[in-house]
K.L.:
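Let me begin by handing over the structure; questions about it come next.
Computed over heavy atoms, backbone and side chain alike; hydrogens, waters and symmetry mates excluded. A quick note: this is a predicted structure, and the numbers were derived from the prediction, not measured.
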Amino acid sequence: MRTRVVAAILALGVVAFVGIFVWTVVWTLDPRATSPKGDAPTAEMSEQLSDGRLDVQVFALGDRDVRLEIQFMPDADAVELAGMRPDVNFAMVEMHMDGFDPPLQLVESGVWRANLKLPMAGRWVVNVGFGDDFAEIEFDAK
């Protein structure tokens with residue numbers, strides 16, 4: 001009887017330890033770091049703007065589908081940009097056409113995502129920023 005009680009207590013301890021370990025691993029995962037398909041970004045850049053750091057990742061998913069992920073970390077003294085949505089413009093490289101602005105989805109404070117289908121395959125450039133302070137990133141869409 002006594003050995004059954006000790007075995008039950010040890011089993012509960014092991015289950016609790018494994019449960020806490022799994023919960024901690026899942027809880028600390030950053031959703032921006034893991035893509036639903038595990039895709040690596042096609043292009044990425046990190047740019048220090050005048051009021052903070054801007055990180056941009058472009059995922060060319062094929063069939064002209066693109067996912068854009070933006071994160072802006074404002075400097076401590078740049079409170080006016082903390083809640084602002086960045087300006088985003090997609091345009092083809094070396095084409096004399098107007099670009100287009102995709103709708104951005106707010107994921108969390110300072111993090112936006114856009115899912116879009118480009119009108120044609122080729123070399124594209126994305127401008128992301130605030131007013132005259134922006135960064136560009138080029139990528140190939142197929």
K.L.:
Where do Met45 and Ala135 come nearest, in terms of heavy atoms and distance?
P.N.:
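Taking every non-hydrogen atom into account, CE-CB, 3.1 Å.
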K.L.:
What I want to find out is whether Glu138 reaches Arg123 closely enough, with some N-O distance under 4.0 Å, to be called a salt bridge.
P.N.:
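Answer for the salt bridge query: yes.
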K.L.:
Any side-chain heavy atom of Met84 sitting closer than 4.5 Å to one from Phe130?
P.N.:
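Result yes, sub-4.5 Å side-chain heavy-atom pair found.
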K.L.:
In the structure I gave you, are the side-chain heavy atoms of Gln71 and Leu54 within less than 4.5 Å of one another anywhere?
P.N.:
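No; the side chains remain at least 4.5 Å from each other.
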K.L.:
Do Glu47 and Arg53 have side chains that get closer than 4.5 Å, going by heavy atoms?
P.N.:
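Not touching, per the 4.5 Å side-chain cut-off.
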K.L.:
Hey, does Glu69 have a side-chain heavy atom less than 4.5 Å from the side chain of Arg67?
P.N.:
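In short, these two side chains touch, coming nearer than 4.5 Å.
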K.L.:
In terms of hydrophobic clustering (I, L, V, M, F, W, Y; side-chain heavy atoms under 4.5 Å; direct or indirect links), are Met120 and Phe139 co-clustered?
P.N.:
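Yes.
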K.L.:
Checking Lys142 against Asp63 for the salt bridge (Lys or Arg N to Asp or Glu O under 4.0 Å) test, could you report, in this order, the C-alpha distance in whole Å, the side-chain angles of both residues, the deciding distance, and whether it holds?
P.N.:
CA-CA 6 Å; Lys142 299 177 185 189; Asp63 195 29; over 6 Å; no
K.L.:
Determine whether Gln48 and Asp75 satisfy the following criterion, side-chain contact (heavy atoms from CB on, under 4.5 Å), listing intermediate values before the conclusion.
P.N.:
CA-CA 10 Å; Gln48 184 65 38; Asp75 294 336; 3.9 Å; yes
K.L.:
What pair of heavy atoms forms the shortest contact from Glu44 to Gln57, and how long is it?
P.N.:
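Smallest interatomic distance, heavy atoms only, reads OE1-NE2, 3.2 Å.
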K.L.:
Hey, does Val58 have a side-chain heavy atom less than 4.5 Å from the side chain of Ile137?
P.N.:
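Sidechains of Val58 and Ile137: in contact.
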K.L.:
Report yes if the side chains of Trp124 and Leu118 come closer than 4.5 Å at any heavy-atom pair, otherwise no.
P.N.:
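Result yes, sub-4.5 Å side-chain heavy-atom pair found.
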K.L.:
So Phe59 and Asn115, do their side chains get closer than 4.5 Å, heavy atoms only?
P.N.:
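No; the side chains remain at least 4.5 Å from each other.
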K.L.:
Show the nearest heavy-atom pair for residues Leu104 and Pro86, with the distance to one decimal.
P.N.:
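Closest pair (atom of Leu104, atom of Pro86, distance): CD1-O, 3.7 Å.
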K.L.:
Write down the atom of Asp101, the atom of Val88, and the distance for their closest heavy-atom approach.
P.N.:
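Heavy atoms only, the tightest pair is OD1-O, 2.8 Å.
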K.L.:
Looking at every heavy atom in both Pro102 and Phe100, which two are closest together, and how far apart are they?
P.N.:
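Here Pro102 and Phe100 meet closest at CD-O, 3.6 Å.
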K.L.:
A quick test of your reading: do over 12 heavy atoms of other residues, nucleotides or ligands sit less than 6.0 Å from CD of Gln105?
P.N.:
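Counting neighbours around CD of Gln105, more than 12 heavy atoms of other residues, nucleotides or ligands fall under 6.0 Å, so yes.
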K.L.:
Are any of the side-chain heavy atoms of Leu116 and Phe90 separated by less than 4.5 Å?
P.N.:
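Result yes, sub-4.5 Å side-chain heavy-atom pair found.
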K.L.:
Could you pull out the closest heavy-atom pair between Gly99 and Asn89, with the gap in Å?
P.N.:
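Looks like CA-OD1, 3.5 Å.
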K.L.:
According to a hydrophobic-cluster definition based on side-chain heavy atoms being under 4.5 Å apart (Ile, Leu, Val, Met, Phe, Trp, Tyr only), do Trp112 and Met73 belong together?
P.N.:
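Looking at the clustering, Met73 is in a separate group from Trp112.
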K.L.:
Measure the spacing between CG of Leu49 and CG of Asp132 and express it to the nearest 0.5 Å.
P.N.:
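Between atom CG of Leu49 and atom CG of Asp132 there are 11.5 Å.
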K.L.:
State the CG-CD1 distance between Asp55 and Ile70, to the nearest 0.5 angstrom.
P.N.:
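Answer rounded to 0.5 Å: 10.5 Å.
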